[in-house]
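Right, one structure below, let's go through it.
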Amino acid sequence: MISIKQLRRRALTRTTAGLGAAAIAGALAASLSLTAASAAPVATPAAASHDGSFTFPLVPSPGIKACVPHLGGFVTITPGSQNDVMRVTIFGAPSNADFDLFVIQLPLKPFGVSWYQSDVQANHHGVGHATVRGIFNDETFSVSLGGTTAFAPTHQYHLGLWFDDPSVPFNLGCEPGAKAPIVTPFNGAQHAGIQALNTSQFPVNAGPLSKVHG
C-alpha cells in the first residue's frame, strides 16, 4: 500500500524532474543560438541532471554532413513515476522539412528492431521540436512470442530520425550516384527517405536510453 509520504515524494520528483529538464534544455538552446550565429552548431556532450533527467546530442548520419552541414539536435529524457517524457529538438534542417523519430536497436544500418514514435517538423528556420511520452529508459524493449515473426525480448536504446520525404535528401545531393530517391520504411506510410540523425556516438549495446533508469 502506498503511503501519503510516498505519493508526496513522487509528486515532488515529477515537479523537480520537469524543472531540471527545462534548465538543461534551456542551456543547450542558448548554446545552440550562439553557435547558430556562426552557422556552425557544435555537439553538446551528454549530461545527467540531479533529478534523473538525461540530455544528449543527436549526430548526423553517414554522408549527411556533406549535404546538410549544420543539421543536429539534442534530446532530454525525464523519468516519471509511471512513464517518461522525451523532448526532441532539431536544428540546421532544410526549411519546412519533416522527419520521423524512431526508437531503434542499432544506431546505424541495419537498425534492428525499430519503433515509430513521432513526427518532427522543422520550421522555415530549420528548427523543430517534439515531445513524446512513453518508456524511454533502461527497460525499453520489444518482444514477439509468435505470429508473423518471433524474437526474444530485445532492448532498444538508440534513437534515429529519417527524412519523411525521400525526394528531400535526394534533391540536396545526399545520395551521390543514385538515379532516384532512396526509399526506406521509416514512416507511417513505409515510404520515407534516408536516416538523417542518430545516436551512434554511444556504443551499440549501450545507447542513451540505457543511461536513464526506470
Side-chain angles (χ1 to χ4, degrees), residues 21-47 53-78 85-104 106-109 111 114 116-132 136 158-178 181-184 186-188 191-202 207-209:
I24 293 174
L28 284 171
S31 173
L32 295 176
S33 65
L34 291 174
T35 56
S38 61
V42 294
T44 303
S53 295
F54 187 61
T55 299
F56 53 91
L58 296 166
V59 301
S61 300
I64 294 299
K65 223 166 175 44
C67 57
V68 192
H70 306 306
L71 182 61
F74 62 90
V75 177
T76 295
I77 298 176
T78 303
V85 175
M86 176 165 60
R87 297 177 176 86
V88 179
T89 295
I90 61 171
F91 55 87
S95 179
N96 299 316
D98 290 337
F99 297 85
D100 301 281
L101 173 68
F102 279 74
V103 170
I104 50 181
L106 307 172
L108 301 172
K109 292 180 180 178
F111 308 119
S114 305
Y116 187 22
Q117 291 298 316
S118 177
D119 295 345
V120 183
Q121 183 173 24
N123 61 20
H124 66 285
H125 295 300
V127 176
H129 306 278
T131 299
V132 189
F136 307 117
H158 284 275
L159 299 177
L161 281 95
W162 276 258
F163 289 97
D164 183 69
D165 183 349
S167 67
V168 171
F170 178 75
N171 292 336
L172 289 170
C174 300
E175 302 161 14
I182 296 172
V183 175
T184 71
F186 289 91
N187 67 8
H191 193 270
I194 59 175
Q195 192 192 62
L197 294 166
N198 62 67
T199 52
S200 60
Q201 76 272 31
F202 290 88
L209 273 62

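In this text, all values refer to a predicted model and were calculated from it rather than measured experimentally.
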Q.
Let me confirm one number: the NE2-CG distance from H125 to N96, rounded to the nearest 0.5 Å.
A. 10.0 Å
Q) Got a second to check how far L159's CG is from S200's OG, nearest 0.5 Å? A) 11.5 Å
Q: Output the distance between atom NE2 (H129) and atom CD (Q121), rounded to the nearest 0.5 Å.
A: 12.0 Å
(Q) With side chain to side chain contact (heavy atoms under 4.5 Å, CB included) as the criterion, how do D100 and L161 come out once you've worked through the C-alpha distance, each side chain's angles and the decisive distance to 0.1 Å? (A) CA-CA 5 Å; D100 301 281; L161 281 95; over 6 Å; no
Q) Do V68 and C174 have side chains that get closer than 4.5 Å, going by heavy atoms? A) yes
(Q) Please check: side-chain N/O of Q195 versus main-chain N/O of P107, any donor-acceptor pairing under 3.5 Å? (A) yes
Q) Taking side chain as C-beta onward, heavy atoms only, is P169 less than 4.5 Å from W162? A) no
**Q.** Donor-acceptor pair between S95 and H124 side chains, under 3.5 angstrom
**A.** no
**Q.** Nearest heavy atoms of F202 and A46, plus distance in Å
**A.** CZ-CB, 4.0 Å
Q | For L108 against P62, the heavy-atom pair lying closest together | A | CD2-CD, 3.7 Å
**Q.** Residues V85, T131; criterion side chain to side chain contact (heavy atoms under 4.5 Å, CB included); working and verdict
**A.** CA-CA 7 Å; V85 175; T131 299; 3.7 Å; yes
Q | Test side chain to side chain contact (heavy atoms under 4.5 Å, CB included) applied to F111 and N198, step by step | A | CA-CA 10 Å; F111 308 119; N198 62 67; over 6 Å; no
Q: Tell me, with the steps shown, if V120 and D164 meet side chain to side chain contact (heavy atoms under 4.5 Å, CB included).
A: CA-CA 9 Å; V120 183; D164 183 69; over 6 Å; no
Q.
Looking at every non-hydrogen atom in both residues, tell me the closest pair between P57 and Q201 and how far apart they are.
A. O-NE2, 2.9 Å
**Q.** Inter-residue atom distance H191.NE2 - T184.OG1, 0.5 Å rounding
**A.** 9.0 Å
(Q) For a 4.5 angstrom cut-off between non-hydrogen side-chain atoms, does I64 reach F163? (A) yes
Q. Would you say the ring centroid of F74 lies under 6.0 angstrom from that of F56?
A. no
Q. Which atoms form the tightest heavy-atom contact between S53 and T78, and what is the distance?
A. OG-OG1, 3.2 Å
Q | Under 3.5 Å: donor-acceptor pair, side chain of H158, backbone of I104 | A | no
Q.
For a quick test of reading the model, state the closest non-hydrogen atom pair linking A130 to S118 and the distance between them.
A. CB-OG, 3.8 Å
Q: Any chance you could measure D165, atom CG, to D98, atom CG, to the nearest 0.5 Å?
A: 8.5 Å
**Q.** Rounded distance [0.5 Å steps], CG in N187 versus CG in D119
**A.** 8.0 Å
Q: Looking only at non-hydrogen atoms, find the nearest pair between A192 and P166 and report the distance.
A: O-CG, 3.3 Å
**Q.** Residue pair P208 / V75, side-chain heavy-atom distance below 4.5 Å
**A.** no
Q. Does a side-chain heavy-atom distance below 4.5 Å link Q117 with V88?
A. no
